[in-house]
Amino acid sequence: MPVKVMFAQLASCWGCHQSLLDLHETLIDVLPQLEIVFWHTVADYKLHDVEKLPDGSVDVGFTEGFCRNEEDLHLLKLTRQKCKLLVSYGTCSTYGSIPSLLNLYSIDEALSRKFKEAESVVDGRIPDKYVPKMLEYVKPNREYVKYDLFLPGCPPEPPLIAEAITSLLRGEMPKLKERTLCDECPRIKSEVIVLKKVKRDFEGIPEPEKCLLEQGYICMGPATREGCGAVCPSAGFPCKGCMGPGPNVMDQGAKMLSALASLVDYESVSPEELVKTVKDVIGTFSRFTLPSSIIPKSVFKKK
Amino acid sequence: MAGDFEPKILGIFCNWCSYAGADMAGTSRMQYPPNVRIVRVLCSGRVDPQFVLKAFELGADGVLVAGCHPGDCHYVKGNYRAERRIALLKEMLKQLGIEPERLMLRWISASEGAELVKTTEEFVNMLKELGPSPLRKTS
Ligand code: SF4
Ligand code: SF4
Ligand code: SF4
């Protein structure tokens with residue numbers, strides 16, 4: 001009997017679904033075992049297609065994205081209700097990811113920026129009819145509904161997805177790896193790190209084998225969970241932290257900020273210089289996890 | 001109303017200098033404002049930014065981190081680490097809409113009881129001017 005699945009897209013960029021399609025040939029083995037009952041991202045399903053399903057009748061549900069408006073929240077709750085097992089698919093769904101950095105601004109500021117101030121807009125106005133009500137700020141989905149499995153990544157890497165799906169098909173709960181990204185990173189690390197200079201990503205050309213953090217690049221490895229195969233540092237690019245916090249980390253941004261501050265040589269890098277190099281502290285350290293951070297949003301100025 | 005506001009402050013003091021300084025202020029019967037709840041850590045370099053954020057999240061109006069003077073750290077470099085962490089943390093607070101002045105870092109040695117008293121008084125007065133933290137749960 002095929003396994004009944006549904007995919008719910010909330011506020012997201014579709015990148016996670018794209019990554020699913022990147023399974024290529026693996027899909028040929030997997031697809032015949034699935035009965036897809038809802039996937040409005042790729043075919044013409046309507047909300048009532050989900051609403052009419054009996055509760056708990058879908059074996060596995062996947063959510064991509066977070067709740068930006070009331071309609072997203074409705075679909076999220078509905079998905080939970082209809083599915084036996086709910087998978088948080090991707091970092092938007094799990095921690096908030098990049099688009100939820102909007103938590104640093106109020107809804108009014110955001111709407112005005114997008115519909116009135118954006119450079120491409122002429123005579124803009126903010127739509128107010130036939131649109132669902134925006135939620136004030138992004139909260140992690142797990143604060144609204146209970147999940148059975150989290151599959152982070154922006155987007156999750158295809159091998160991680162393949163592993164998760166095949167174990168679910170065998171009727172087993174996938175076991176995600178739990179160490180920090182540095183543990184699976186192939187770059188060569190020294191015992192002691194002393195940074196004489198902190199560099200922005202575009203400065204210089206990184207040495208091919210040595211740990212990027214040791215070379216002064218802000219690589220989020222120490223505060224990030226493994227599981228992506230350390231694809232970015234392997235390709236010569238510092239990790240941005242998209243897998244979310246590593247083990248025993250409460251706040252990924254605060255953790256990495258702390259790690260970086262303790263690695264710099266105090267005689268070479270002043271506090272002012274460090275702040276100047278990092279520039280955007282939240283955008284650098286909490287890029288993927290602001291809504292799941294200890295302080296999840298900006299204190300919006302009351303009008 | 002504003003006149004009644006008593007800021008709640010978390011003080012995170014290093015064992016070797018600032019906590020000993022607070023002790024000295026106490027044993028010399030110097031009076032300092034009761035607004036500060038002091039937590040002792042082994043070194044200002046042990047102050048995890050997560051502690052500071054948690055304190056603000058729980059409604060602290062200010063956080064005062066105090067450690068040994070540069071060059072005097074019992075563990076050699078802890079206070080330099082603290083200095084850089086706090087500089088970055090202040091930027092983070094700014095982005096979150098919280099006044100960075102609510103986080104203060106000071107060097108206070110074991111013999112500087114009077115300095116400690118002065119620092120806390122100044123901090124309390126400054127926070128009274130600023131008013132309650134925007135993260136304080138409105139009751
Ligand atoms: S987690 Fe990343 S790839 Fe997936 S929807 Fe969000 S932004 Fe897109
Ligand atoms: S800091 Fe980055 S480059 Fe260095 S080991 Fe960790 S993940 Fe690899
Ligand atoms: S290396 Fe970092 S940014 Fe790149 S995929 Fe892995 S967790 Fe994400």
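Chain letters run A, B, ... following the sequence lines, proteins first and then strands; every chain starts at 1. Treat the numbers as computed from the prediction; the structure is a model and nothing was measured. Any value given below was found using the heavy atoms of this structure, including those in side chains, with hydrogens, waters and symmetry copies removed.
- A donor atom on one side chain and an acceptor atom on the other are found under 3.5 Å apart for B:Arg85 and A:Ser258.
- Heavy-atom contacts from other residues, nucleotides or ligands closer than 6.0 Å to CD of B:Glu101 number more than 12.
- Of residues 46-54 of chain B, those residues with a non-hydrogen atom less than 4.5 Å from any non-hydrogen atom of chain A are, in numerical order, B:Asp48, B:Pro49, B:Gln50, B:Leu53, B:Lys54.
- Interface residue A:Val278: only side-chain heavy atoms are found under 4.5 Å from chain B.
- How far OG of A:Ser293 is from CD of B:Glu57: 11.0 Å, rounded to the nearest 0.5 Å.
- Looking only at distances, a side-chain donor or acceptor of B:Arg84 sits under 3.5 Å from a matching main-chain atom of A:Tyr266.
- The shortest non-hydrogen separation linking A:Val275 to B:Glu91 is CG1-CG, 3.4 Å.
- Residue B:Lys118 places its NZ atom among 12 or fewer non-hydrogen atoms of other residues, nucleotides or ligands, all under 6.0 Å distant.
- In plain terms, the two heavy atoms of B:Met92 and A:Ala254 that are nearest each other are CE-N, 4.2 Å.
- Proximity of B:Leu96 to A:Ile282: side-chain heavy atoms (C-beta onward) are separated by under 4.5 Å at one or more points.
- Note: B:Arg81 CZ to A:Leu263 CG = 7.5 Å, rounded to the nearest 0.5 Å.
- Both the backbone and the side chain of A:Asp280 have a heavy atom closer than 4.5 Å to some heavy atom of chain B.
- Contact of A:Ser286 with chain B is made through the side chain alone, with heavy-atom distances under 4.5 Å.
- Going from atom CG of A:Leu260 over to atom CG of B:Leu88 covers 7.0 Å, rounded to the nearest 0.5 Å.
- Annotation for A:Lys189: atom NZ counts as buried by contact number, over 12 foreign heavy atoms lying within 6.0 Å.
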